[in-house]
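Just so we're on the same page: letters track the sequence lines, and every chain starts at 1. The analysis underlying the following values was restricted to heavy atoms, covering all of them including side chains, and did not include hydrogens, waters or symmetry mates.
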4 protein chains.
Amino acid sequence: MATAGTSETAVNGSRDEEKATVSFGRDQLKAFIERIERLEEEKKALGDDIRDVYAEAKGTGFDVKALRAIVRMRKQDLNERKEQEALIETYMHALGMLN
Amino acid sequence: MATAGTSETAVNGSRDEEKATVSFGRDQLKAFIERIERLEEEKKALGDDIRDVYAEAKGTGFDVKALRAIVRMRKQDLNERKEQEALIETYMHALGMLN
Amino acid sequence: MATAGTSETAVNGSRDEEKATVSFGRDQLKAFIERIERLEEEKKALGDDIRDVYAEAKGTGFDVKALRAIVRMRKQDLNERKEQEALIETYMHALGMLN
Amino acid sequence: MATAGTSETAVNGSRDEEKATVSFGRDQLKAFIERIERLEEEKKALGDDIRDVYAEAKGTGFDVKALRAIVRMRKQDLNERKEQEALIETYMHALGMLN
DNA sequence: GGAACATCACCGTGTC
DNA sequence: GACACGGTGATGTTCC
């Protein structure tokens, strides 16, 4: 199949058909771009909301960095977390940072 | 102000008040965490939607990498315009034309 | 003192003096910019070197994420680290993530 | 491949070989950490140098914010040029003019 | 599974 | 000295 949005000359087909195809490709492209941009705006808005919540929590005395750590850990699988911590301990031990 | 979530003994106030404060801190913490997690879920869902749109566009023959480039550039253009404006402000300030 | 690089007309002084001042300002600006850019290049190069070392370590079987954690911890003051961890534990406890 | 730093028992090989391997792992780990820390020190020193240059420029009357803006823009110009070239490649690819 | 890319969090700096 | 911003580094994701 031809790549959408390209302007390679069709071997067969009338000029009108080609024009219609190209136009359609352009409209389609525009539609996709707009859908994406719309979604990204909403996504950004949510990101801003999250920032605001952290800010609000900070305003009531919570430590943002620690909050983020909590959220991160809750997202993480328990086993993963333990494995990672064990590995770090191993390295620390090798470096004499423990004991 | 004291850091929320710590349990240092208040100089004044009954034990009950303290308990209530700690409990309230806990509830507040839960509330913040849950709000954040809720928002992050929605954000993730939007990310997935965006993915889907790209996938759909790809399915109709568009080149995803090029699409991403277009979206990126349109975003950069906006940013740059804002940056330019901010820069003009800065220069005007440096030249003593503001303030 | 006048702001360097600005072109406000000096109240006293010949046009030649002014021209010389402006030129000097320009040269000086150029010099500063170049010094900064030179230093930033070197800084970037070191950043790249660090990346390379991590990559090499990874190539010999080390876990990069854990290595980074180690480096971070060695940089951090011991007390700081403990405080942060204690705070996180407090939050985790409040959320029933411990016990 | 086994993760470096773990101490899983080798299926073959004497205990001595294993010990040697572990020790080597430790030495290797130390070496990597130290290389990284050394590089980070140098990097930090350069960061300090840059700060000093800005401070010096400020001392001779330049507006630091404006200076930073200039440096930033010059960097962006470079990046953009590279981005443009990459973009052209992408488009050519999308149009089937490459490959 | 590795490389490139986009996003995100952290930190240093400047400001008020 | 707290807040805001910009720069930088790290993480997670996508593509090959």
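At whole-Å resolution of the value, CD in B:Gln76 and C1' in E:dC5 are 13 Å apart. When the P atom of E:dC11 is taken as reference, atom NZ of D:Lys44 falls 13 Å away, rounded to whole Å. Rounded to an integer number of Å, the gap from CD of B:Glu85 to P of F:dC5 is 16 Å. Atoms CG (A:Leu67) and C1' (E:dC8) sit 16 Å apart, rounded to a whole Å. What separates CD of D:Glu40 from C1' of F:dT8 is a distance of 12 Å, to the nearest Å. Residue A:Glu41 contributes atom CD, which lies 14 Å from atom P of E:dT7 at whole-angstrom precision. If you measure from atom CG of C:Asp52 to atom P of F:dG9, you get 13 Å, rounded to the nearest angstrom. Between the P atom of F:dT14 and the CD1 atom of A:Ile36 lies a distance of 14 Å, rounded to the nearest Å.
Put simply, B:Arg68 has no side-chain N or O that comes within less than 4.0 Å of OP1 or OP2 on E:dC5. Considering only side-chain N and O atoms, D:Arg51 lies under 4.0 angstrom from the phosphate OP1 or OP2 of E:dT13. For the OP1/OP2 pair of E:dC8 and a distance below 4.0 Å, the side-chain nitrogens and oxygens of B:Lys43 include at least one atom meeting the criterion. Using a 4.0 Å cut-off, no side-chain N or O of B:Lys65 falls inside it from OP1 or OP2 of F:dT14. Phosphate contact (OP1/OP2 of F:dC5, side-chain N/O of B:Lys82, threshold under 4.0 Å): absent.
Looking at which nucleotide of DNA chain F each of B:Val64 and C:Val64 is closest to, the 5′-most match is held by C:Val64. Of the residues near DNA chain E, C:Arg72 and A:Gly47, the one whose nearest nucleotide (by heavy atom distance) lies more toward the 5' end is A:Gly47. Two residues, B:Glu83 and C:Ile50, neighbour DNA chain F, and the one matched to the more 5' nucleotide by heavy-atom proximity is B:Glu83.
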Any chance you could lay out the side-chain contact (heavy atoms from CB on, under 4.5 Å) test for C:Thr60 and D:Phe32, step after step, and finish with the verdict? CA-CA 11 Å; C:Thr60 72; D:Phe32 279 128; 3.6 Å; yes
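Heavy-atom contacts from other residues, nucleotides or ligands closer than 6.0 Å to CZ of A:Arg81 number more than 12. Residue A:Arg74 places its CZ atom among more than 12 non-hydrogen atoms of other residues, nucleotides or ligands, all under 6.0 Å distant.
In this structure the side chain of C:Met97 reaches within 4.5 angstrom of the side chain of A:Ile70, judged on heavy atoms.
Ionic pairing of B:Lys43 and A:Glu42 is not present here: no N-O contact between side-chain nitrogen and carboxylate oxygen is shorter than 4.0 angstrom.
Listed candidates were E:dG2, E:dT15, F:dT8. Nearest to the side chain of D:Lys58 is E:dT15.
D:Lys75 comes within contact range of the sugar-phosphate backbone alone, with a heavy-atom separation under 4.0 Å but no base atom that close.
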